[in-house]
2 protein chains.
Amino acid sequence: MSTPGRGLHGHVLDTLGPEITAGEYPPGSVLRTDELAQRFDVSRSVMREAVRVLESMYLVESRRRVGVTVRPKSEWNVYDPQVIRWRLAGADRPRQLRSLTVLRSAIEPVAAGLAARHATSEQCAELTECALGMVAHSRGHKLEGYLLHDVAFHRVILAASGNEMFARLGDVVAEVLTGRTQHDVMFEDPDPAAVTLHVQVAEAVRAGDAARAEQLTREITVGALQELDILAP
Amino acid sequence: MSTPGRGLHGHVLDTLGPEITAGEYPPGSVLRTDELAQRFDVSRSVMREAVRVLESMYLVESRRRVGVTVRPKSEWNVYDPQVIRWRLAGADRPRQLRSLTVLRSAIEPVAAGLAARHATSEQCAELTECALGMVAHSRGHKLEGYLLHDVAFHRVILAASGNEMFARLGDVVAEVLTGRTQHDVMFEDPDPAAVTLHVQVAEAVRAGDAARAEQLTREITVGALQELDILAP
DNA sequence: CGTGCTCAATAAGTCTGACTTTTTAGCTCC
DNA sequence: GGAGCTAAAAAGTCAGACTTATTGAGCACG
């Protein structure tokens, strides 16, 4: 939803991207540029631009005399925000949500530890504000407001880590949290224990206690894993 | 290296991509498609395809009547393998290597824990083979052979985790390990303690001991952080 | 038979030039 | 000086002709 259909080639991608990531074309399938151009009623130039973008996402490979062949799922650039969005909108949304939650559980505790060392005073203030906002919306079916502060909280943590790779996962985490609230679990008010943990993380970061911030965040992510029944026996 | 200059637009990207990721054009700079086409002596169609690819990497934004504007670094898709390669080849290689090493330190321990639960017997065998290969090449300036087995080891761990997001980081880890050996540290034989740790990780995964595999891998990544002087006081 | 060569068909790749659309900056007019 | 109009600028789109690499079929030769 960030930059939808800006240009004809974008419109083509909005249709073709989800189809490919949904697995509608088995690996090795061949698509012809000319046929696709006809199908979408665009010129070959526009179609070629769309194919180039799909190629840069490692979804397809274009070879002379052969055509545009669909690559196996294992080669896709699953970190591309666009690919993530397409897959989250498609059939294997649950699987995608699980993968991303596991990723979160690995990244966020480390990010919180780094944030405790590198966060500016402004970031600490934002963090506290977010945590308080979560508390304020934790009762009485105010899920929208709660989600908003929850997303902001985790974004600040990732940004404050000072690591650009972590910071770029803000959108992914936002997507996971939003997806969880909207579709899957959480019909009632959030777990009070989770809310408390967020407040404590904010405190630990402010205090510069890296080990504590990391440990507390690990507890948060364990909770997220449990919600999806991903856990070690 | 992987798929160089496949087509004219690829050649353009090989030059323009590194320039942008090196920060030669400050954020907000405007490039004109026509001028670029002249500069690289290609047609506008080819140039447009290249711009589309750069756009899908969030390096630039193309707007009517304005031109192709360079986006701020914070918006770049830093997980795109191509972008990673360009940045590793450029001036801020050290910074990039640090970011990636921190990422590794967050991901790999969790991946090793998952591998202990999900690895197939073939993967366990591969792992042991890699670890033994590392031992065999750990003395007598056999750095090339050591590196080969080291890279393979970490690839297997990431793949065996069963998480597609983790598995896709195999190339990144390979890049980091290779870069470390070739350019930065490690002029002598590798640390014997690190070699032992790899052997022990292989054992733990084979035994299905997730906690131990995770802890041992954490020690490996701590070593990697120390080599780059990234550490908590 | 099967090995290797030639050749023609095919689909991507490239180029050109004309045209459309959107956006912005400058200008007029009130 | 602000609102609205106008014209220029640059990306966007299209159609058509041509180029090039690849591959598979057919054929000759061992």
- prompt: Can you tell which of A:D41, A:V42, A:L13 makes a side-chain contact (heavy atoms from CB on, under 4.5 Å) with A:L8?
  reply: A:V42
query: Between A:H149 (side chain) and A:G145 (backbone), is there a donor-acceptor pair under 3.5 Å?
result: yes
task: From the options C:dT14, D:dA10, C:dT22, select the nucleotide whose nearest atom is closest to the side chain of B:E49.
output: C:dT14
A:E55 side chain vs A:S62 backbone, donor-acceptor pair below 3.5 Å: yes
message: Nearest to the B:R65 side chain among C:dT22, C:dT10, D:dA17, which nucleotide is it?
response: C:dT22
Integer-rounded Å distance: D:dG12 C1' and A:H11 NE2: 16 Å
message: Can you tell me which nucleotide in D:dA17, D:dC14, C:dT24 comes closest to the side chain of A:V42?
response: D:dC14
Under-4.0 Å side-chain N/O to phosphate OP1/OP2 contact, A:T33 with C:dA11: no
field: For atom CE of B:M47 and atom P of C:dG13, their distance in whole Å
entry: 17 Å
query: Between B:R44 and D:dA10, is there a side-chain N or O to OP1/OP2 distance below 4.0 Å?
result: no
B:R6 CZ - C:dG13 P separation (whole Å): 10 Å
message: Distance check needed: D:dA11 C1' versus B:E61 CD, whole Å only.
response: 13 Å
Proximity to the side chain of A:L8 - top-ranked nucleotide from C:dT16, D:dA11, D:dC14: D:dC14
- prompt: Over how many whole Å does the gap from A:R48 atom CZ to C:dC15 atom P extend?
  reply: 10 Å
message: Strictly below 4.0 Å: does B:R52 bring a side-chain N or O up to OP1 or OP2 of D:dG12?
response: yes
- prompt: Just to confirm, is there a sub-4.0 Å distance from OP1 or OP2 of C:dG13 to any side-chain nitrogen or oxygen of B:S45?
  reply: no
message: Judged by each residue's nearest nucleotide on DNA chain D, which is more toward the 5′ side, A:R63 or A:S43?
response: A:S43
field: Interatomic distance, A:D41 CG vs D:dG12 P [rounded to whole Å]
entry: 19 Å
- prompt: For the side chain of B:R64, counting heavy atoms from C-beta on, which of D:dT22, C:dA18, D:dA11 is nearest?
  reply: D:dA11
message: Which is more 5' along DNA chain C, the nucleotide nearest B:V46 or the one nearest A:G67? Just name the residue.
response: A:G67
Short side-chain to backbone donor-acceptor contact, A:W76 and A:R71, under 3.5 Å: yes
- prompt: Would a distance-only check, ignoring hydrogens and angles, find a side-chain to backbone donor-acceptor pair under 3.5 Å from B:R168 to A:E75?
  reply: yes
query: Which whole-number value in Å describes the distance from B:L36 CG to D:dA11 P?
result: 9 Å
field: Nearest-neighbour nucleotide for the A:R32 side chain, C:dT16, D:dC14, C:dA11 considered
entry: C:dA11
